[in-house]
Amino acid sequence: MLRYWMLVVQLIELFVSALVHMLYGFYIFSSAVAGDLSQGLSDWYFKPNMDLVIKELQQQEPTTTTNSTSTGLKDLPPIVLVHGIFGFGKGRLGGLSYFAGAENKDERVLVPDLGSLTSIYDRSRELFYYLKGGQVDYGDEHSKACGHSQFGRMYERGNYPEWDEDHPIHFVGHSAGAQVVRVLQQMLADKAFKGYENTSESWVLSITSLSGAFNGTTRTYLDGMYPEDGKSLKSICLLQICRLGVIVYDWLDIPWLKAYYNFGFDHFNMSWKKKGISGLVDCLLGSAGPFSSMDWILPDLTIQGSLALNSHLQTFPNTYYFSYATKRTSKIMGITMPSSIFGIHPMLFIRVLQMSQWRHPSEISPPYKGYRDEDWQDNDGALNTISMTHPRFPIEHPSHFIQDDSTCESLRPGIWYYKIVEGDHILFIVNRERAGVQFDLIYDNIFERCRKHVFKRNPQMLPNEAQQ
């Protein structure tokens with residue numbers, strides 16, 4: 001009888017979790033549509049008047065601008081914001097911003113659109129070609145092993161084609177986006193891009209992580225990954241619902257819908273035009289597609305998957321590293337519990353509670369030597385705080401805890417400086433109002449640090465300094 005009631009409770013929890021996630025997804029999608037419709041109507045209504053204003057301005061004598069200002073902007077290394085799981089870049093979901101408009105705080109910011117559910121490896125390859133240009137090459141060996149096309153999206157012109165050791169880049173990654181950047185830097189060091197033999201780790205000037213997924217998360221097991229191997233899915237779980245929805249979405253291949261939002265699996269050719277009904281059945285049954293070959297992001301976010309990635313990722317001595325780890329838990333009489341009720345997003349509250357009480361199954365070998373459940377109890381509803389500070393497992397990388405941003409005027413390369421912030425996993429994305437003043441404090445510090453403290457060689461002159 002007890003077993004029966006446990007099953008009922010689990011099914012109720014699954015239903016509630018699935019409902020909350022779907023409602024949030026619908027909210028994001030409908031907000032983007034409403035914003036686009038509003039902007040379209042506004043443009044249509046005010047366009048005639050704007051045309052008159054533009055003509056008047058063109059007739060006026062143009063104002064002179066200093067060459068030093070334009071040159072200064074052009075010479076600044078760009079800051080690339082890399083989204084996390086289920087995220088999107090500029091151009092997706094209409095005018096909605098994944099980083100809640102933070103990209104407008106600096107003149108040289110790029111926001112790439114990568115696969116929202118594709119593997120860390122695939123997203124790293126996509127990020128390289130987004131910047132340098134050309135057709136995304138996932139690599140012959142990897143593509144054959146995972147059952148997808150070797151080549152993907154074509155970038156006729158890269159968004160920063162001059163990228164090299166003399167023109168390095170700052171990266172800011174949220175969630176899985178931080179690990180994507182680390183894998184990309186390792187690929188650059190390993191010269192893993194065919195036709196680009198001169199790449200090196202020095203192409204990356206700095207990496208800043210916002211709630212970065214460096215060491216995996218116990219949430220993957222709560223959502224349906226088996227803790228035994230960190231790869232396979234349970235028969236009934238939240239991730240199974242997600243898997244089925246993604247397969248049908250990609251198979252239907254509705255052009256305008258996929259242009260609005262894309263999970264990133266186009267290189268698996270799951271469209272009905274190529275697969276037909278039999279292909280859909282194969283994907284649904286798990287005998288084909290990304291969920292069959294494990295070439296999607298969730299296996300990379302388990303503790304085991306992160307250990308496998310970290311085993312060959314380095315912290316390089318000439319790159320600057322900084323991370324913001326988030327947590328929404330506190331200890332009450334020695335028990336880790338959610339630190340707030342109203343301060344945690346409804347989509348994450350249940351998971352904050354569950355992750356704080358997570359226990360690794362005693363009958364299964366721990367994921368690494370020295371594993372302790374209590375180390376993984378603090379969390380933000382998606383990632384464990386221990387996972388976000390810096391790469392720790394299987395080998396801990398050099399790190400230094402920062403209490404206040406004002407104390408890190410002089411950073412040293414090759415060390416992960418980290419700060420712990422009170423907030424849930426989506427505090428600094430999508431909805432700016434939720435973070436309040438903290439939003440501006442965090443992003444202002446990030447951009448200021450990129451611009452003034454971590455230039456590779458001699459600090460370059462900023463545009464406002466060039467005018468003085």
Side-chain angles (χ1 to χ4, degrees), residues 21 24-25 27-29 31-32 35 78-106 109-131 136 152-153 155 159-160 169-185 204 207-214 217 219 242 246 258-266 296-298 300-301 323-324 326 345 347-348 380-383 388 423-432 434-435 439 442-443 446-447 450:
H21 282 77
Y24 182 69
Y27 162 74
I28 294 295
F29 191 86
S31 297
I79 300 171
V80 181
L81 305 182
V82 184
H83 65 76
I85 186 172
F86 287 109
F88 52 92
K90 189 174 182 180
R92 299 287 186 187
L93 287 180
L96 197 64
S97 168
Y98 179 85
F99 288 93
E103 61 270 25
N104 299 321
K105 287 180 171 289
D106 192 273
V109 177
L110 299 172
V111 189
D113 181 68
L114 310 176
S116 65
L117 282 180
T118 49
S119 65
I120 299 291
Y121 175 94
D122 286 1
R123 294 182 68 192
S124 301
R125 306 290 293 190
E126 292 163 9
L127 181 54
F128 176 84
Y129 290 98
Y130 165 88
L131 294 165
V136 177
R153 182 175 177 179
Y155 293 97
N159 288 272
Y160 193 57
I169 290 178
H170 298 286
F171 287 94
V172 179
H174 175 254
S175 191
Q179 194 76 322
V180 168
V181 177
R182 291 189 65 223
V183 171
L184 173 60
Q185 186 179 28
V204 178
I207 297 177
T208 300
S209 163
L210 281 171
S211 306
F214 297 131
T217 170
R219 171 162 177 170
C242 170
V246 170
K258 291 191 72 174
Y260 213 62
Y261 185 81
N262 196 333
F263 292 106
F265 292 124
D266 291 345
W296 66 303
I297 199 165
L298 261 298
D300 291 335
L301 297 181
S323 69
Y324 294 89
T326 43
H345 194 280
M347 183 179 66
L348 298 174
D380 65 1
L383 295 176
M388 295 181 268
D424 61 36
H425 195 67
I426 58 175
L427 185 65
F428 299 115
I429 61 170
V430 183
N431 189 340
R432 185 175 189 153
R434 285 193 69 234
F439 181 93
I442 292 289
Y443 282 108
I446 290 173
F447 290 134
C450 288

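Predicted model only: the values in this text are computed from it and were never measured.
Looking at residues two or more places apart in sequence or on another chain, you find a salt bridge (charged side-chain N to carboxylate O under 4.0 Å, His left out) between R92 and D113. D300 meets the side chain to side chain contact (heavy atoms under 4.5 Å, CB included) test with S119, I120, L309; sequence neighbours excluded. Here Y324 pairs with F322 under the ring pair (Phe, Tyr, Trp, His ring centres under 6.0 Å) rule; sequence neighbours left out. Listed by chain and number, the residues in a ring pair (Phe, Tyr, Trp, His ring centres under 6.0 Å) with F29 are Y260 (sequence neighbours excluded). For the ring pair (Phe, Tyr, Trp, His ring centres under 6.0 Å) test, residues two or more places apart in sequence or in another chain that qualify with H83 are Y98. Not a single side chain to side chain donor-acceptor pair (under 3.5 Å) links Y121 to another residue, sequence neighbours left out. By the salt bridge (charged side-chain N to carboxylate O under 4.0 Å, His left out) test, R219 pairs with D223, sequence neighbours left out. Qualifying side chain to side chain donor-acceptor pair (under 3.5 Å) partners for T118, counting only residues two or more places apart in sequence or in other chains: none. Under the side chain to side chain donor-acceptor pair (under 3.5 Å) criterion, Y129 pairs with no residue at all, not counting sequence neighbours. For V430, the side chain to side chain contact (heavy atoms under 4.5 Å, CB included) partners at least two apart in sequence or on another chain are Y24, I28. Considering only residues two or more places apart in sequence or on other chains, Q185 meets the side chain to side chain donor-acceptor pair (under 3.5 Å) condition with T319, Y321. For the salt bridge (charged side-chain N to carboxylate O under 4.0 Å, His left out) test, residues two or more places apart in sequence or in another chain that qualify with D424 are R434.
With hydrogens and angles disregarded, no donor-acceptor distance shorter than 3.5 Å links the side chain of E103 to the backbone of L81. In this structure a side-chain-to-backbone donor-acceptor pair under 3.5 Å is present from S124 to V180.
Taking the six-membered ring for Trp, F88 and F86 have ring centres at least 6.0 Å apart. In this structure, H425 has its ring center at least 6.0 angstrom away from the ring center of H345.
At least one side-chain heavy atom of F99 sits less than 4.5 Å from a side-chain heavy atom of H174. Between V82 and V172, the closest side-chain pair of non-hydrogen atoms is not below 4.5 Å.
Across every non-hydrogen atom of F265 and L117, the tightest pair is CZ-O, 3.5 Å.
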